[in-house]
Peer 1: 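Quick one: the structure is below, and I'll ask about it shortly.
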Amino acid sequence: MPRQPRHALAKGQPRPPLVLVPLPDVDSTGTLPVQPVVTQRPAIKQVNVARASGIMAAGTMVSRVLGFIRTALLIALIGEIGANDAFNVANNLPNTIYNLLASSVLSAILVPQIVRALHRGNDEDFINRLLTLFTVALAGLTVLCTVAAPAFVYLYAARMDAQWISLAIVFAFWSLPQIFFYGLYSLWGQLLNAKGSFGPYMWAPVVNNVCAIVGLAVFWKTLGTSKDWASDPSVWTAGPIALLAGSSTASIVIQALILLIPLYRTGFRLRFVWGVRGHGLREVSQVAAWAFASLIVAQVSFLFVTNIAGAANGYATSTGTVVATITAHNTAFQVFMIPQSTIVTSVTTALFTSMSALVAANKIREVHDQFLRTQASLAVVTGFCAAALVSGAIPVMQIIMPSSDRANIAIFALLLALFGLATPLFGIWGLAQRLLLAFGDARSLFYLQLPMLLTQAVFVVVAWVAMDPAWWVPMASLGEGLVYATGLVGALIILQRRLAEPVVWPVIAALWQTTLASVIAGCAGWGVLHLVGPYAPEGAGVAGTMIGALWRIVACGIVMAIIYLGILAVLGNSGLANLAGPLRARLRR
């Protein structure tokens, strides 16, 4: 059957009327000036935010579970410090550099421009021009960064032990080509999101993690554990390096290429189309510049963390002392990101397309109401997650590190608890950040990043100058979470001006209720956990340790959930009502 034209009407369906929609562009001040009214036909698919968020959350949750299996295998195979620190530095570089140099442009230009192109009905040719431009730029960026691998490793971990920093550089040459495929994954995924297809973007990382786990299993099967992979740099010859780092890079390649299947099914055809001059990108180039500048500031903040974690690696290697290093930080952050990626990112990714469309249609009141409803609901979920991460940090880490000793588990758990405190702040900051980008206001994001950078720098410098090395990474991690409070205050004030409706006090009202409930529920969970013992019994074996940790998490979670939801119900929390409404409606059917 021949494919129908994009705007074909079903038999008997009335032709939609032409509508008048102001298309906002951004001037040099970062504001939305009055635009001439143009006629257009609504071509963009309506987004069901709740359904889209649910699809993405499910995919992300599966991916996170597989990610923990991958992390646990890596720790069991190459330890918690030496080689794992080197691999973490190198394997995190592609994502970090991509976020710095490319994702700012994608967030500021690609999604809003795709949304507007779909509104205008001239989508395929224009979008292919955008994709061609970004793909070629990504290829050039990838080559330059791969050549500069040693410089990047020293930039992010200059004080790591010399033996391990040499290994990190070799790993980096294998890892940095991932930048190109991270970019393709994001380009194609954002296009799918703009077309209302949210599942593939969040389910593709599942394939990534499966491939990476297979790579680790092959490493374990073929090379075994007889060599001291964790502590002896000399055993890392060309074969083991290629197998570990190569399989990691191959998994990113597959993650990107698998999106071609759902993209093809949408009817969109990728083609190289050159030239974007005269297509309206000049007026948004400054938005991309401000977004890029804000990410530079954010990366400077991250440099403080990575370098003090690298210095902790040097200290631990030279003294034999057990302290938190790069692997501990990254593992704790990975757990901290569970509620962020499964809930916050899923909601804000779906909402970004919706908010961009509402802003394009100048429906500011609807944007305001959607923002407040979403933040109130997010506060309910992230408030409970904060209590769970803080009180249950030890058994959570025992599940990830069942073969590690209690001293290492305690260090990893401390970092997780410190990160957990910032869970609600991160959630609302992410939502506010996306709304500012929907308005094209990347300039404000840049200025908000400056006090956040200062906050992070203070925590790291105080730890470095005045504290024992055991507290270097914990203090940096605490600061890394609390910087979101600094940025959130300014973001809410700016949004209140843009929306011309109250924003600050409704957010505070939602947060104080969920904070009170989470503190009380968290204390109750902590009490239950320490009543039965926070650690699974020693000598129980890997399976016994994981089961012991799991039932502790479940028991504490049930107690905390009952108390948390009860307090919010008594307080008449609006976010809880928002979440309970659809559930009650479904149960009445």
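In this chain, residues are counted from 1 in sequence order. Just the heavy atoms: all of them, side chains too, but no hydrogens, waters or symmetry mates, feed the values below.
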Peer 1: When N88 is tested against each of T331, N330, T306 for side-chain hydrogen bond (donor to acceptor under 3.5 Å, both in side chains), which residue passes?
Peer 2: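 Running side-chain hydrogen bond (donor to acceptor under 3.5 Å, both in side chains) over T331, N330, T306 with N88 returns exactly one hit, N330.
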
Peer 1: Could you check if a side-chain atom of E480 sits within less than 4.5 angstrom of a side-chain atom of H329, using non-hydrogen atoms only?
Peer 2: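 Yes. Closest side-chain heavy atoms under 4.5 Å.
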
Peer 1: So do the side chains of L453 and F304 get within less than 4.5 Å of each other, counting heavy atoms only?
Peer 2: yes

Peer 1: Is there a side-chain contact between W188 and P200 (heavy atoms, below 4.5 Å)?
Peer 2: no

Peer 1: Are V305 and S301 side-chain neighbours, meaning at least one heavy-atom pair lies under 4.5 Å?
Peer 2: no

Peer 1: To the nearest 0.5 Å, what is the distance between CG (L516) and CG (L568)?
Peer 2: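 Those atoms lie 8.5 Å apart.
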
Peer 1: Quick one: which of C523, S391, S518 gives a side-chain contact (heavy atoms from CB on, under 4.5 Å) with M560?
Peer 2: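 The single option meeting the side-chain contact (heavy atoms from CB on, under 4.5 Å) with M560 is S391.
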
Peer 1: Taking the side chain as everything from C-beta on, heavy atoms only, tell me whether F459 gets closer than 4.5 Å to I308.
Peer 2: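 No, their side chains stay 4.5 Å or more apart.
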
Peer 1: Could you tell me whether a side-chain N or O of H368 sits under 3.5 Å from a main-chain N or O of P502, the two making a donor and an acceptor?
Peer 2: yes

Peer 1: Between I428 and L511, is any pair of side-chain heavy atoms under 4.5 Å apart?
Peer 2: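 Answer yes - side chains close enough.
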
Peer 1: Applying side-chain hydrogen bond (donor to acceptor under 3.5 Å, both in side chains) as the test, list every pair that has at least one member in residues 410-420; sequence neighbours left out.
Peer 2: none

Peer 1: Give the ring-plane orientation class for F336 versus F419, where under 30° counts as parallel, over 60° as perpendicular and anything between as tilted.
Peer 2: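 Correct class here is parallel.
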
Peer 1: Working to the nearest 0.5 Å, report the span between CE of M452 and CG of L488.
Peer 2: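 The distance works out to 9.0 Å.
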
Peer 1: So L576 and Y564, do their side chains get closer than 4.5 Å, heavy atoms only?
Peer 2: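 Y564 vs L576: side chains apart.
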
Peer 1: Quick one: sort the Y484 and W429 rings into parallel, tilted or perpendicular, breaks at 30° and 60°.
Peer 2: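 Correct class here is tilted.
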
